[in-house]
Participant: 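Provided herewith is a single structure, encoded as structure tokens, for subsequent inquiry.
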Amino acid sequence: MSVFPKARQNLRSSISAALSSASTPPTLRRVHALIITSGLGRSEYFVGKLISKYAHFRDLKSSLSVFRLASPANNVYHWNSIIRAFTHNGLFLEAIGLYSEMRGTGVPPDPYTFPSVINACAGSHCTIIGGVIHEHVLALGFRSDLYIGNALVDMYARFSDLVNARNVFDNMPARDVVSWNSLISGYSSNGCHEEALSVYYGMRKAGIQPDLYTVSSVLPTCGGLVAVDEGRILHCLAAKCGMDADIIISNGLLSMYFKFNDLVGAQKIFSGTEFRDSVSWNTMICGYCQLGLFEESIKLFRDMIKIFTPDILTITSILRACAQLRDMEFGKFMTNYMVENCLELDNKASNILLDMHIKSGNLEASIELFNGMECRDNVAWNSMISGYIQYGHHDEALRLFKMMKLRLKPDSITHLMLLSVSSQSRDITLGKQVHCETVKFGSISELCVCNGLIDMYAKCKEVDDSLKLFQNMNIRDVVTWNTVISSCVYHEDSDLGFKLVGKMRDDGLNPDKATFLGVLPVCSLLAAKRQGKEIHGCILRLGFESEVSVGNALIEMYSKCGNISSSIIVFKHMKARDVITWTTLISAYGMFGEGSKAVRAFMEMEKSGISPDPIAFIAILYACSHSGIVEQGLQFFHSMKREYNFEPRMEHYACVVDLLSRSGRVMQAEEFITSMPLKPDVSIWGALLSACHMNRCIEVADRISKRIIELDSDNTGYHVLVSNVYAALGNWDQVKMVRKSMKYKGMRKDPGSSWVEIKRKVYIFRTGDKVFEQSEEVYELLYTLNSSMTKQGYVPDLQCVLHNVGDDEKREMLLGHSERLAIAFGLLNTKPGSPLQIMKNLRVCPDCHTVTKYISSITHREILVRDANRFHLFRNGTCSCGDRW
DNA sequence: GTAGGGTTAG
């Protein structure tokens, strides 16, 4: 048969087309026969094609026979095809064997040889041969080849040799999506999630679009780390390729949405998932717990057990929910389930159980578990230390910390907890020691530790150190801001607190619940009405008014600012109330001398189903005492023991002493003290002394003063009180002695100061101030008022002057009391007839109290005075306290 | 691929 070149060309083309489209092994064999009969059996092209095509149908025997028949004329193309055929069919060792045979025949490999050989090394985990082949690549100068580079990155990644994977990757002159995917998958499958994510971001920055392989290596492990926007891009991509049906991807998405706190997103994924495995259920249950939705997580658990057997992860998550809900019955049930089903406790599970015991108030059980634990890691030690702290056993916590240090390196959380101990106990020495430790162990570089340090220094009144730390921070979070805002209570600086809230917002951070709970007490402290109102506005705008704790802080703020009607409005609008809400209201009534309203509120609280706690009893006892409701007060004290089984604390006893002695029953108060089961401390004697001082029970006061001095308290207030008692008794030698002892102890009497807010500005006056704005007019007004008062029968109470000077000088000194200066300044700068509000840091002195009554009547003004203890509303020559204070 | 300890406020 004569065949013209043209016709032969046509034949080749048609056979080639037939070969490519052969879709079944029999067709392939027919085309193969045709190739042989057409005399094309030795063609370089058809040999290679046939090898690949047979490999495609997993018929490696035929591939190899085609290859062997062509021998010894096999060229690099044939070798590449046969090696690739074996690699693609998972016969890695054979592929590697063929590669070494090829090198023995002297046929030089080309760039197309290597990807499949390298894949074979990766697949068979031949690390040494892999390294040798990498050397071949370098020796042959193929290091810039994209496909070889990708194969090498993938190989090293599979060997967990991330250093070499990274090296090859970094030296590649060009990279495609596969290169990036290989490195990402290398990191993520070796547990280096953060590195994987950072490579992913590098890829996005290089302008490479992620594909489904990217999604499958990023989503499952790094879903929780990825930023919200990127997460959504990955989700869209997965959905576009239908990958979200894959259980691993959908579980990754679930976890991701929970990390974004996007409950709706997670629920959509979960309800859209046809097949759920234990991971899907556990992720949902844990996710609910992370969002604080503990009841929901238990509900989900009940659904789950109908179709799935819970594992240790499910059980421990539910145990955590029980601990948070204090549902110990269900917790016990779950613990039993764990034992009955022989679910073994691993490290994490033991730690969860440990935490549950601590949270549920069972410190003994937690100690037993802790002592029996084989492997105690940082989390276990920290939990145990935190347990001791929660129960107030600070010494035990410190002892455990020392033991921990002998075995393990403490971490930032250990330090954070110790800082909280220092803050709580105002222990600057310990605080500074911990500060040194954080430097030594490097935990100071962590944001939360810096936050803890700011708080510690502020609470220990080292205000400058606290602010310095804050100013030197490069990164601040919402806790940093909240901490420094809250610390303004200790700086007594409401302006700063208010400014900081603004600056925080400039910094791009939104105030949260804790911000308001921090700044409102600052307003309360200084009776900063305007700021308080503005903060209230801010709370409404940001929708925090439904938070119970925020409502409580608002009630307190308004009442401390003298605006009890606003307190009541807030109280009435609250959707939910707790025992603190009621206690705050009761205290507010108490401060305003509205004892009977306080009693009514207490009863309403009980009726509404909220049980009083020991603090609520302090509030009601205080309110009764300040309104002279003695019998009912005593009844409350007894019912606390009888009906609620609370053992009275020192504060309760002090309230009762106050209640009795304030109403003149000094003898009964003394008897009560002797009958106390606790050893009376300085607060008890102080309460008695203070009442004696007011009631002028001179002998008793003298006796009690001696006792207080003996107790050697370091509380400045009691020393001042004793000194005042001696001054009133005219016992100036004793006054001198007390003052000397105070000086020796480094105590300083808080100077009396009062302040008044006029047209958005706060004016502060210190006792005896002579030079201030309008001082001449102020003193002139006080002199004028004095002469009117004297005509009406006012006699200055010279005992209120606590200095050993002549009577004229005493009269002069009374005139300069800070509350009087503030009142006079207020009278001068407000419209006639408008009400005035004055704040004083200490208690109002009896003479000023009398004077204010006169002033209210002479000037026809309503004057509200808030002192360290309570409110006095002066109107038409009377005071709301009924002269009981 | 899913689980644990901590800081501000009360």
Side-chain angles (χ1 to χ4, degrees), chain A residues 188-189 191 193 216-217 219-224 246-256 258-259 277-287 289-290 311-321 323 345-356 358-359 377-387 389-390 411-421 423 443 446-456 458-459 477-487 489 511-521 547-550 552-553 556 578-581 583-584 615:
Chain A
S188 74
S189 57
H193 306 314
S216 69
S217 49
L219 264 186
T221 53
C222 315
D246 180 286
I247 187 100
I248 294 177
I249 298 286
S250 69
N251 285 341
L253 283 167
L254 255 188
S255 155
M256 181 185 86
F258 274 119
K259 296 272 165 55
D277 63 2
S278 62
V279 177
S280 330
W281 285 101
N282 289 344
T283 308
M284 276 306 276
I285 289 171
C286 294
C289 287
Q290 276 156 20
D311 58 15
I312 188 70
L313 243 105
T314 332
I315 300 297
T316 48
S317 302
I318 293 300
L319 281 177
R320 223 185 124 223
L345 287 173
D346 60 7
N347 225 16
K348 280 187 178 166
S350 307
N351 287 339
I352 293 168
L353 206 60
L354 183 69
D355 183 52
M356 188 193 75
I358 291 168
K359 291 229 166 65
D377 61 5
N378 271 24
V379 176
W381 282 95
N382 287 344
S383 299
M384 208 56 235
I385 292 174
S386 124
I389 295 173
Q390 280 170 46
D411 60 16
S412 56
I413 291 174
T414 326
H415 290 140
L416 196 53
M417 292 189 304
L418 292 178
L419 285 173
S420 133
V421 171
S423 304
S443 60
E446 291 196 39
L447 184 53
C448 63
V449 171
C450 285
N451 293 344
L453 283 167
I454 293 178
D455 183 54
M456 184 275 293
K459 292 230 168 86
D477 66 359
V478 69
V479 177
T480 321
W481 286 98
N482 290 349
T483 307
V484 75
I485 288 166
S486 307
S487 78
V489 171
D512 66 1
K513 204 169 94 177
T515 318
F516 298 118
L517 293 175
V519 74
L520 284 172
E547 292 279 354
V548 179
S549 50
V550 173
N552 296 348
E556 164 134 17
D578 60 10
V579 66
I580 300 170
T581 319
T583 305
T584 314
I615 317 236

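For the numbers below, each heavy atom of this structure counts, side chains included, while hydrogens, waters and symmetry mates do not. Every value quoted in this text rests on a predicted model; they were computed, and no experiment measured them. Each chain gets a letter, A, B and so on, in the order the sequences are listed, and its residues count up from 1.
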Participant: If you round to the nearest 0.5 Å, how far is OG of A/S280 from CG of A/L253?
Facilitator: 11.5 Å
Participant: For A/H415 and B/dG6, what is the distance between atoms NE2 and C1' respectively, to the nearest whole Å?
Facilitator: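 That distance rounds to 13 Å.
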Participant: Could you tell me the separation between the CG atom of A/L517 and the P atom of B/dG10, rounded to a whole number of Å?
Facilitator: 6 Å
Participant: Nearest 0.5 Å, what's the OG1-CG distance between A/T483 and A/N451?
Facilitator: 5.0 Å
Participant: Within the structure shown, what part of the strands sits under 4.0 Å from A/N451 by heavy-atom distance: base, sugar-phosphate, or nothing?
Facilitator: base
Participant: Which one, B/dG6, B/dG10, B/dT8, comes nearest to the side chain of A/I580?
Facilitator: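 Nearest to the side-chain atoms of A/I580, counting from C-beta on, is B/dG10.
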Participant: What's the closest nucleotide to the side chain of A/V279 if the choices are B/dT8, B/dG6, B/dT2?
Facilitator: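 The closest nucleotide is B/dT2.
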Participant: In whole Å, what is the span from the CD atom of A/Q390 to the P atom of B/dG10?
Facilitator: 18 Å
Participant: What is the nucleic acid contact for A/K513, judged by heavy atoms within less than 4.0 Å: base, sugar-phosphate only, or nothing?
Facilitator: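 The residue A/K513 makes no contact with any strand.
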Participant: What is the distance from CG of A/L419 to P of B/dT7, rounded to the nearest Å?
Facilitator: 11 Å
Participant: Under 4.0 angstrom, heavy atoms only, what part of the nucleic acid is A/Q290 near: base, sugar-phosphate, or nothing?
Facilitator: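 Sugar-phosphate, backbone atoms only, no base.
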Participant: Sequence neighbours excluded, which residues qualify as side chain to side chain contact (heavy atoms under 4.5 Å, CB included) partners of A/A349?
Facilitator: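 A/I312, A/T316, A/L345, A/D346.
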Participant: Given B/dG6, B/dT2, B/dA3, identify the nucleotide with an atom nearest to the side chain of A/D346.
Facilitator: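 Of all the options, the side chain of A/D346 is nearest to B/dA3.
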Participant: Please give, in whole Å, the distance from B/dG6 C1' to A/L453 CG?
Facilitator: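 So the two atoms are 14 Å apart, to the nearest Å.
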Participant: Please pick, from B/dT8, B/dT7, B/dT2, the nucleotide with the shortest atom-to-atom distance to any side-chain atom of A/A514.
Facilitator: B/dT8
Participant: Checking contacts here: which listed nucleotide (B/dT2, B/dG6, B/dT8) is nearest the side-chain heavy atoms of A/N282?
Facilitator: B/dT2
Participant: Just the rounded figure in Å: distance from P of B/dA9 to CD1 of A/I454.
Facilitator: 12 Å
Participant: I need the CG-C1' distance between A/D377 and B/dA3, as an integer number of Å.
Facilitator: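 Going from CG in A/D377 over to C1' in B/dA3 covers 13 Å.
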Participant: Quick one: which of B/dG10, B/dG6, B/dT2 gets closest to the side chain of A/P521?
Facilitator: B/dG10
Participant: Looking for any heavy atom pair under 4.0 Å, which part of the strands does A/S549 touch: base, sugar-phosphate only, or nothing?
Facilitator: nothing
Participant: Out of B/dG6, B/dT8, B/dT2, which nucleotide sits closest to the side chain of A/T283?
Facilitator: B/dT2
Participant: Is it the case that the side chains of A/N282 and A/T314 hold a donor-acceptor pair, with the cut-off being a distance below 3.5 Å and no angle test?
Facilitator: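 Looking only at side-chain atoms, A/N282 and A/T314 do form a donor-acceptor pair, the distance falling under 3.5 Å.
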Participant: State whether the side chain of A/S188 and the backbone N or O of A/S217 hold a donor-acceptor pair below 3.5 Å, judged by distance alone.
Facilitator: yes
Participant: Across the strands shown, which category fits A/L313 at heavy-atom distances under 4.0 angstrom: base, sugar-phosphate, nothing?
Facilitator: base
Participant: Establish, with yes or no, whether the OP1 or OP2 oxygen of B/dT2 is under 4.0 angstrom from a side-chain nitrogen or oxygen of A/K259.
Facilitator: no
Participant: Students often get this wrong, so: under 4.0 angstrom with heavy atoms, is A/D512 touching a base, only sugar-phosphate, or nothing?
Facilitator: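 Counting heavy atoms under 4.0 Å across all strands, no contact is made by A/D512.
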Participant: Taking the side chain of A/K359 as heavy atoms from C-beta outward, which of B/dG6, B/dT8, B/dT2 is closest to it?
Facilitator: B/dG6
Participant: With A/S486, which residues qualify under side chain to side chain contact (heavy atoms under 4.5 Å, CB included), at least two apart?
Facilitator: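 Testing A/S486 for side chain to side chain contact (heavy atoms under 4.5 Å, CB included), a comparison that skips the adjacent residues, returns none.
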Participant: What is the distance from CG of A/N347 to P of B/dA3, rounded to the nearest Å?
Facilitator: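 So the two atoms are 15 Å apart, to the nearest Å.
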Participant: Counting any heavy atom closer than 4.0 Å, what does A/C286 reach on the DNA or RNA strands: base, sugar-phosphate only, or nothing?
Facilitator: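 A/C286: backbone/sugar contact only, no base atoms under 4.0 Å.
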